[in-house]
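Keep in mind that what you see is a predicted model, and the values were worked out from it rather than measured. All chains are named by letter (A, B, ...) in the order of the sequence lines, taking the proteins before the strands, and each is independently numbered beginning at 1.
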Protein chains: 2
Amino acid sequence: MTIKDVAERSGVSVSTVSRVLNNHPDVSEAARSRVMETVRKLHYVPNNSARDLVRPQTAAIGLVVRGAGNPFFSGVIRAVEQEINAAGYTMVLHQIRSGEDELQAGAELARSKRLLGVILLGGCFDYTPEQTAALGIPFVCCSFTNSFGSLNKDAYSSVSIDDQAEAYRAVTFLIRQGHKNIAILLDSKQDHSISELRYRGYCQALLDAGIAPDTALVAEAGTFDMAAAYEGTCRLLRSQAEFTALFVIADSMAVAAMKALHDHGLRVPEDCSVIAIDGIDMSAYTIPTLTTLIQPVGAMGKESVHSLVDIIEGRGGNRHIQLRTALRPGGSVGAGPVFTSANDVKIKP
Amino acid sequence: MTIKDVAERSGVSVSTVSRVLNNHPDVSEAARSRVMETVRKLHYVPNNSARDLVRPQTAAIGLVVRGAGNPFFSGVIRAVEQEINAAGYTMVLHQIRSGEDELQAGAELARSKRLLGVILLGGCFDYTPEQTAALGIPFVCCSFTNSFGSLNKDAYSSVSIDDQAEAYRAVTFLIRQGHKNIAILLDSKQDHSISELRYRGYCQALLDAGIAPDTALVAEAGTFDMAAAYEGTCRLLRSQAEFTALFVIADSMAVAAMKALHDHGLRVPEDCSVIAIDGIDMSAYTIPTLTTLIQPVGAMGKESVHSLVDIIEGRGGNRHIQLRTALRPGGSVGAGPVFTSANDVKIKP
DNA sequence: AATGTTACTGGAAACGTTTTCAGGATTGCT
DNA sequence: AGCAATCCTGAAAACGTTTCCAGTAACATT
């Protein structure tokens, strides 16, 4: 079942069939409909290998994801896969371990599989424009940060939320509820990661409310998994630091944190409020329901693919899209303690 | 950078290079080492499209998954991807909606992408040997059931747990704790699904303990997602049916069920014990910790790929592997009510 | 009527690989 | 020495597609 069979059955040449299949303008309506007819009738499916061989590259897009265990990423992966298929490409998924270098992995993948482009999901982007140019293909960073600020913005595309602003929003929400001693749980603030940005938003929100950030209230889990989050929360609790609310940088970590709080005899939200960012399915079913800023996973996947495909198909250059989250109030945040007017929290209007 | 360049630089023909690259025996040691040398030097990577074009198939394996939102599947997908890469193949992921037909989707995928084989993950296998033979490629059903029993066992491979036996084990665990009125929450028992097998195990366990299964204690969610599970549990509770324990066919549904119990003022495990099957990460962090039978996701992925690759590479035919779960006791199961000797539960030795 | 323009079409080359086939060199046997 | 067998090699065809190029037909313009 090749293009030749279709051509014969339709009474045209293979060239014409090819043109029909690729939506070329120079083909008569009569020929077009006749070809489409036989294609349907024969259940003809083009051979991608042959197509890819003659074209400069493979009609495939890579998705490099670090830490696919994160349920938040599952949602993005699902959306990305759907969008890539809808655009007529094939997705090549590649999961990397925490130690590996995503750009390295992306380049390797792109070379061996001759990809048109790569989407990097989750991580930290720490490369110079020269290094990215060496890749030779377009790529977009989805839910990613980079440590160079706006320096090399034209070396790649990106789709993400404004991590600092959203963290600011979450912490401000807690402050508005009357909380003053607010702890933060993150995986690590050392590298130029999303965690760092969210940590900055946390600090800024406190400062703007006239509260001095206290390093004793910063709990670093070390790695991004629930076991580490649980342990990190336990360490924070053992330290005897005083706080009435906890901001966690990810839903999955927040679930573990709530468990740790419970295991230490603290009630959520009476003894400690919890807020997080992500909006994974599961967080709607914790007890109490987690208050969180829901990331638009579907839109993130969609925009990532669109950005990449537009570049691949010659429509415009790199762009940087920032999406907004939606606050889902849950039972995990309660009112803060009653303060005397003397030490009351100042909230900017 | 083609095979031709390598041939020229090595002073041999393309045929010889091809033979070296494919480990053909008929090539001199001298030529072999010379070619290998230049391959390394030029960083030559064979063009898979060209290779696939001339070969009957693509060096790729498909993974068709229904309901990738299920966190249990995420783990399997991760393992499968790793194993496929390790075996030198490419994984092509395809997620289907609940309405779609997985064999249809698998066949379509296999044809359009010229796959060597397909792994079907999660669902119900309802085809006759003739239909599967029409596919023309080997496939393995991972975490799947089929309604034909052992009739067409040689038409495909499978890797799964013994769903009925494991459900039996879970329910028996509840009975041993003293529970007698045990409800079950499943997505649907109509089709020949995993749910049905687990439902049968549930019934059998009750019968073997001398308890008559009561249809009033069967809660059907309708679909496999947490919202439906929540609703299904609520319906069960509104029905005023009396039960002291709940067996849920999946961890993610159990999380939603616990939430529903809580929202109706019932405590777990004091008022109702909960046990499930799956062992997703999250279930270790519910409050209380979910008692569950942990499925060996890594082994499932690994065995699925091994089975398929063995067939692809000509080592043996279809095989059927059954793995065991591991019981993780959690706080979600407590002792049942105290019975008088008159209506005490009979437990088989 | 001749010419130019437009709209469409088919032939053929090209993509990079594998594999068949035939043949050349070397070796072993008589 | 002659012949067969063995081992290795290269030429060439094939895989299914896209695209360049040349060409035809119809139509409009002079």
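Every salt bridge (charged side-chain N to carboxylate O under 4.0 Å, His left out) that A/E37 has, sequence neighbours left out, goes to A/K41. The side-chain hydrogen bond (donor to acceptor under 3.5 Å, both in side chains) test applied to A/Q295 returns A/D278, not counting sequence neighbours. Here A/S13 pairs with A/T16 under the side-chain hydrogen bond (donor to acceptor under 3.5 Å, both in side chains) rule; sequence neighbours left out. With sequence neighbours excluded, the residues satisfying side chain to side chain contact (heavy atoms under 4.5 Å, CB included) with B/T38 are B/V6, B/R9, B/S10. Residues passing the side-chain hydrogen bond (donor to acceptor under 3.5 Å, both in side chains) test with B/S49, sequence neighbours excluded: none. Partners of A/S33 by side-chain hydrogen bond (donor to acceptor under 3.5 Å, both in side chains), not counting sequence neighbours: none found. Partners of B/R32 by salt bridge (charged side-chain N to carboxylate O under 4.0 Å, His left out), not counting sequence neighbours: none found. For B/N22, the side chain to side chain contact (heavy atoms under 4.5 Å, CB included) partners are B/S18, B/H24, B/R51, B/R55, not counting sequence neighbours.
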Distances under 3.5 Å only, N/O to N/O: pair up the protein atoms with those of nucleotides 22-27 of chain D.
none

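Between the CD atom of B/E29 and the C1' atom of D/dC7 there is a distance of 14 Å, rounded to whole Å. When rounded to the nearest whole Å, the span between CG of A/N22 and C1' of D/dT17 equals 9 Å. The interatomic distance linking A/K4 (NZ) with C/dG10 (P) rounds to 15 Å, in whole Å. Whole-Å rounding puts the B/R32 CZ to D/dC8 C1' distance at 12 Å. Whole-Å rounding puts the A/N47 CG to D/dA14 C1' distance at 13 Å. The nearest whole Å value for the distance from the CE atom in A/M1 to the C1' atom in D/dG16 is 13 Å. For the pair A/H24 NE2 and C/dG10 P, the interatomic distance rounds to 15 Å; values are reported in whole Å.
A/G122 and A/F73 get closest at one heavy-atom pair: CA-CZ, 3.5 Å. Smallest separation of non-hydrogen atoms from A/N85 and A/Y89: OD1-O, 3.4 Å. Of all non-hydrogen atoms in B/I161 and B/P296, the two that sit nearest each other are CG2-CD, 4.4 Å.
For B/S13 and D/dA11, a side-chain-to-base donor-acceptor distance below 3.5 Å is absent, hydrogens and geometry of angles not being considered. Checked by distance alone, B/S49 brings no side-chain donor or acceptor within 3.5 Å of a matching partner on the base of C/dG16.
Note on the helix from C/dA1-D/dT30 to C/dT30-D/dA1: angle between the axes of the first and last five pairs equals 50°, rounded to 10 degrees.
Nucleic acid contact for A/S15: base, since at least one base atom lies under 4.0 Å from a heavy atom of the residue.
The residue from A/E303, A/R319, A/H320 that alone fulfils the side-chain hydrogen bond (donor to acceptor under 3.5 Å, both in side chains) condition with A/S158 is A/H320.
Of the residues in residues 5-12 of chain A, none lies under 4.0 Å from DNA chain D by heavy-atom distance. Taken residue by residue, residues 34-42 of chain B places no heavy atom nearer than 4.0 Å to DNA chain D.
Of the candidates D/dG16, C/dG16, D/dC20, D/dC20 carries the atom nearest the A/R19 side chain, counting heavy atoms from C-beta on. Proximity note for A/A31 (side chain, C-beta onward) versus D/dT17, C/dT9, D/dG10: the nearest is C/dT9. Listed nucleotides D/dC8, C/dT17, D/dT18 differ in distance to B/R51; the shortest reach to its side chain belongs to C/dT17. Taking the side chain of A/Y44 as heavy atoms from C-beta on, and the options D/dG10, C/dT9, D/dT17, the nearest nucleotide is D/dT17. Of all nucleotides listed (C/dG16, D/dT17, D/dG10), C/dG16 comes nearest to the side chain of A/L53. Ranking D/dT18, C/dG16, C/dC8 by closeness to the A/S18 side chain, first place goes to D/dT18. Comparing C/dT9, C/dC15, D/dT17 by their nearest atom to the side chain of A/T2 picks out D/dT17.
Put simply, the side chain of B/N318 gets close to the backbone of B/S157: a donor and an acceptor are under 3.5 Å apart.
Atom-to-atom distance recorded for B/E81:CD and B/L63:CG is 10.0 Å, nearest 0.5 angstrom.
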**OP:** Begin from the C-alpha positions of A/V92 and A/L115 and carry the test side chain to side chain contact (heavy atoms under 4.5 Å, CB included) through to its verdict.
**Re:** CA-CA 9 Å; A/V92 178; A/L115 305 176; 4.1 Å; yes
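Each of B/D26 and A/I3 has a nearest nucleotide on DNA chain D; the 5'-most of these lies closest to B/D26.
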